Each structure stands twice: as C-alpha cells, then as structure tokens.
Amino acid sequence: MLVKLKILRFDPDNDKAPHFQNYEADVEPTDRVLDALNAVRWYQDGSLAYRSSCAHGICGSDAMRINRTNRLACKTLIRQVAPNITLEPIRGFPVKRDLIVDLTGFFEQYRNVMPYLVNEDPMPTVERFQSPEDRAKYDDTTKCILCASCTTSCPIFWANTDYIGPAAIVSAHRFIFDSRDQAGGERLDILNSREGAWRCRTIFNCTDACPRDIKVTKAIQDVKRAIMSQKL
Ligand code: SF4
Ligand code: F3S
Ligand code: FES
C-alpha cells in the first residue's frame, strides 16, 4: 500500500526553523513505520536522519512522535497509523537533526538516581538470595528500555525540563524496591527534592506512551508513598 509520510525536518547547521517534508512509500500494512523510514532513506533521500538499532523494540533508540503520539517506529505497524503518517521528534530535548534529539539531559537524569545495585556487605560465595515475592515488587520496572517516550510525553516535563521525569523515577523504582539494595533511602532523598517525584501530577501520559506497558504512573505513586513512609 502507498502511505504518505509527513516528516518534520531540521538541520541546525543550515535551517532557521524546522519544516515538514512530504514523502510517499510503498509498504505492506504489516510493515513497521521503521520500514517506511528505511524505504525513504535508502531509496529516495539519504539525508533523512533518525535513530534505530535493534529494530525489535529492545534498544529504545527509535522513539518518535507518530501521528502526535510517542511510539517506537519499530513497534508501530503501518496498518495502525496509515495512510497519512506524521513523524516528529520526541519533545523537550534539543533536536540534533530531523528525528534525532540530544538525550544527554535524559541520561544525566537517569544517572542522578543511582541506577545500579548498592550493597556494601561482603560478597556471598553463591548469590544474594531473594524470594519470588520480593522479586515481584519491582518486576514491572525492570522492563524499561530507556526509550524516553514517557518523559517526553509528560506536560510537566515540557514546561520544566529540570523535572527528573518518569523514566528516571522508573529506573530508581527498580532498585528502591530491590530487597538486596542498600541505597533506597538515598534515592528517595533525591526523588524528594524540588525537581523530583512530587512534580508529577498523575497526568498518565507516561503510562500511555510506554512501549513496554510499564505502569509508570503507579511506579511514581509507589515512590511517593515510600518517601512519605520514610519521613514518618
Ligand atoms: Fe521507555 Fe517505558 Fe522506560 Fe519510559 S518507562 S523510558 S516509556 S520503556
Ligand atoms: Fe507526567 Fe506521567 Fe506524572 S505524564 S505528570 S509523569 S503521571
Ligand atoms: Fe531498537 Fe526500535 S530500533 S527499539
């Protein structure tokens, strides 16, 4: 089938402002939006810039606004969005070129929450045991692929890019509720700061945007509750 692609393009070195450019691509309804982008770049316009790597919803590199909604291009079927497909970069971070944004700030927010296991006890000879019940407490948030779809769909973040954002809170959640970790209190203090979890106004865009179906808003609520119980 023939689809019309309207793509927001921007080259900071040469363009004064972003502008839409139109293309057509002959693709199957069961192809992905990424296939349509590849058809354009490989056969029509090699200057079109976008990120992708795994092409299977694992690496998180091809989040973009597809018909005004954050999605992964490699997980969105043509039949879900055809025949008119508008593609724009995710919002809130500087555009490097076309559909590619600079995620430096996103990964700074991620690093700020200490997204790694902290345990000062002597290394066990076998493994650090954990019950299935304890593992279940953070199972959902282990699924994050750091695609930034949640953070860049949040109106609070659009208005204030200092807000740590749902993705970083999800990454913190994964360790705060891990029974083997010993830095939960430190992470909760970070998320209790001015630009932390309390900025969230439970708008739920993040949950709708997550390609891994993580209950993002619930994870943020878990963190808020943990902060409160730490304070009591
Ligand atoms: Fe992407 Fe979901 Fe992780 Fe947010 S929580 S970065 S939307 S995978
Ligand atoms: Fe934003 Fe999600 Fe909270 S959209 S306001 S982080 S529920
Ligand atoms: Fe890896 Fe889409 S290319 S998630």
Side-chain angles (χ1 to χ4, degrees), residues 31-39 41-42 48-66 68-78 80-81 87 89-93 99-101 103-113 115 138-177 191-225 227:
D31 281 342
R32 292 90 40 88
V33 169
L34 181 61
D35 297 310
L37 279 168
N38 289 340
R41 185 165 67 180
W42 294 347
L48 180 63
Y50 52 93
R51 275 197 194 103
S52 72
S53 180
C54 71
H56 287 87
I58 298 299
C59 72
S61 62
D62 61 345
M64 57 186 71
R65 270 161 66 85
I66 302 177
R68 312 279 175 193
T69 301
N70 281 7
R71 296 162 178 256
L72 297 180
C74 67
K75 277 193 80 173
T76 306
L77 297 179
I78 292 293
Q80 295 175 277
V81 289
L87 302 176
I90 48 178
R91 291 175 64 173
F93 292 112
L99 300 173
I100 298 177
V101 301
L103 287 170
T104 306
F106 177 75
F107 285 106
E108 262 167 33
Q109 290 163 329
Y110 170 67
R111 278 191 292 272
N112 284 344
V113 299
Y138 62 94
D139 189 60
D140 198 35
T141 46
T142 62
K143 296 186 294 185
C144 178
I145 56 171
L146 293 172
C147 68
S149 290
C150 53
T151 297
T152 59
S153 69
C154 173
I156 305 295
F157 175 74
W158 297 339
N160 168 21
T161 53
D162 288 335
Y163 168 38
I164 198 158
I169 301 173
V170 162
S171 298
H173 182 286
R174 182 257 171 269
F175 291 100
I176 289 167
F177 294 94
L191 294 174
N192 192 30
S193 64
R194 185 183 159 82
E195 304 300 346
W198 301 108
R199 288 270 175 211
C200 169
R201 296 288 186 272
T202 47
I203 294 172
F204 275 89
N205 281 15
C206 52
T207 301
D208 292 342
C210 181
R212 303 285 291 166
D213 294 330
I214 296 170
K215 296 180 188 69
V216 180
T217 312
K218 178 189 174 295
I220 298 170
Q221 295 303 105
D222 289 347
V223 166
K224 286 179 179 173
R225 263 187 234 108
I227 292 171

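What you see is a predicted model; the values in this text were computed from it and never measured. Note that ligands are numbered from 1 as they come in the structure, with each ligand's atoms numbered from 1 the same way. Residue numbers run from 1 in the order of the sequence given.
- Residue contact annotation: Tyr163 has a non-hydrogen atom under 4.0 Å from ligand 2.
- Under a 4.0 Å heavy-atom criterion, Pro211 is in contact with ligand 1.
- Side-chain atoms of Ser171 come within 3.5 Å of backbone N or O of Ala167 as a donor-acceptor pair.
- Using a non-hydrogen distance threshold of 4.0 Å, Ala148 registers as a contact of ligand 1.
- The contact set between ligand 3 and Ser53, taken as ligand atoms under 4.0 Å from a residue heavy atom, comprises 3 (S).
- Ile90 and Cys147 get closest at one heavy-atom pair: CD1-O, 4.5 Å.
- When the N, O or S atoms of Asp62 are ranked by distance to atom 2 (Fe) of ligand 3, OD1 comes first.
- Taking all atoms of both residues into account, the shortest heavy-atom contact from Pro89 to Leu99 is N-CD2, 3.6 Å.
- The two residues Asp140 and Lys215 have their closest heavy-atom pair at OD2-N, 2.8 Å.
- Every atom of ligand 1 with a heavy atom of Cys144 under 4.0 Å away is listed here by number and element: 3 (Fe), 5 (S), 6 (S), 8 (S).
- Taking a cut-off of under 4.0 Å to the non-hydrogen atoms of Cys74, the atoms of ligand 3 that pass are 2 (Fe), 3 (S), 4 (S).
- For the residues Pro166, Cys200, Ala219, Gly165, the heavy atom positioned nearest atom 3 (Fe) of ligand 2 is part of Cys200.
- The backbone N or O of Trp198 lies less than 3.5 Å from a partner atom in the side chain of Arg201, making a donor-acceptor pair.
- Side-chain rings of Phe157 and Phe106 stay apart, their centers remaining 6.0 Å or farther from each other.
- Met64 and Ala73 make their closest contact through CE-CB, 3.8 Å (heavy atoms, listed as atom of the first residue, atom of the second, distance).
- Paired with Asn205 under the rule side-chain contact (heavy atoms from CB on, under 4.5 Å), one option of Pro155, Cys154, Cys150 passes, and it is Pro155.
- Using modelled atom types and a 3.5 Å distance limit, the side chains of Thr152 and Asn70 yield a donor-acceptor pair.
- Ligand 3 places these atoms under 4.0 Å from at least one heavy atom of Gly57: 4 (S).
- The protein heavy atom nearest to atom 1 (Fe) of ligand 2 is Cys154 SG, 2.4 Å.
- With respect to atom 1 (Fe) of ligand 1, the closest heavy atom belonging to the protein is Cys147 SG, 2.4 Å.
- Looking only at protein heavy atoms, the nearest one to atom 2 (Fe) of ligand 1 is Cys210 SG, 2.3 Å.
- Thr217 and Thr207 share a donor-acceptor pair across their side chains, judged by distance under 3.5 Å alone.
- Around atom 5 (S) of ligand 2, the closest heavy atom drawn from Gln221, Lys218, Arg201 belongs to Arg201.
- Arg212 approaches Lys143 most closely through the heavy-atom pair NE-O, 2.9 Å.
- The atoms of ligand 1 that sit less than 4.0 Å from any heavy atom of Ile145 are 3 (Fe), 8 (S).
- In terms of protein heavy-atom proximity, atom 4 (S) of ligand 3 is nearest to Gly60 N, 3.2 Å.
- The residue Thr151 has no part lying near ligand 1, judged by heavy-atom distances below 4.0 Å.
- Considering all non-hydrogen atoms of both residues, Val113 and Ala168 come closest at CG2-O, 3.5 Å.
- Those atoms of ligand 1 with a heavy atom of Leu146 less than 4.0 angstrom away are 3 (Fe), 6 (S).
- In this structure a side-chain-to-backbone donor-acceptor pair under 3.5 Å is missing from Gln109 to Pro166.
- In this structure a side-chain-to-backbone donor-acceptor pair under 3.5 Å is missing from Thr151 to Ala148.
- If you look at Phe157 next to ligand 2, there are no close heavy atoms at all, none under 4.0 Å.
- Counting heavy atoms under 4.0 Å from ligand 3, residue Cys54 touches it through both backbone and side chain.
- For a distance bound of 2.8 Å, the N, O or S atoms of Cys59 include none lying that close to atom 2 (Fe) of ligand 3.
- For atom 4 (Fe) of ligand 1, the closest heavy atom belonging to the protein is Cys150 SG, 2.3 Å.
- Taking every heavy atom of Ile58 and a limit of under 4.0 angstrom, the matching atoms of ligand 3 come to 4 (S).
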What verdict does the side chain to side chain contact (heavy atoms under 4.5 Å, CB included) test give for Leu191 and Ile164, after you've listed the backbone C-alpha separation in whole Å, the side-chain angles of each residue and the deciding distance to 0.1 Å?
CA-CA 8 Å; Leu191 294 174; Ile164 198 158; 4.1 Å; yes

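- Within ligand 2, the atoms closer than 4.0 Å to a non-hydrogen atom of Ile220 are 6 (S), numbered from 1 in the order shown.
- Defined by atom type and a distance below 3.5 Å, a donor-acceptor pair is present between the side-chain atoms of Asn38 and Tyr50.
- Metal site remark for atom 1 (Fe) of ligand 2: Cys206 contributes no N, O or S atom at a distance under 2.8 Å.
- Short contacts between ligand 1 and Arg212, defined as distances under 4.0 Å to a heavy atom of the residue, involve ligand atoms 8 (S).
- The proximity of Leu34 to ligand 3, defined as any non-hydrogen pair under 4.0 Å, does not occur for either the backbone or the side chain.
- Listed by number with element, the atoms of ligand 2 under 4.0 angstrom from any heavy atom of Ile156 are 5 (S).
- The shortest contact between atom 3 (S) of ligand 3 and any protein heavy atom is with Ala55 N, 3.1 Å.
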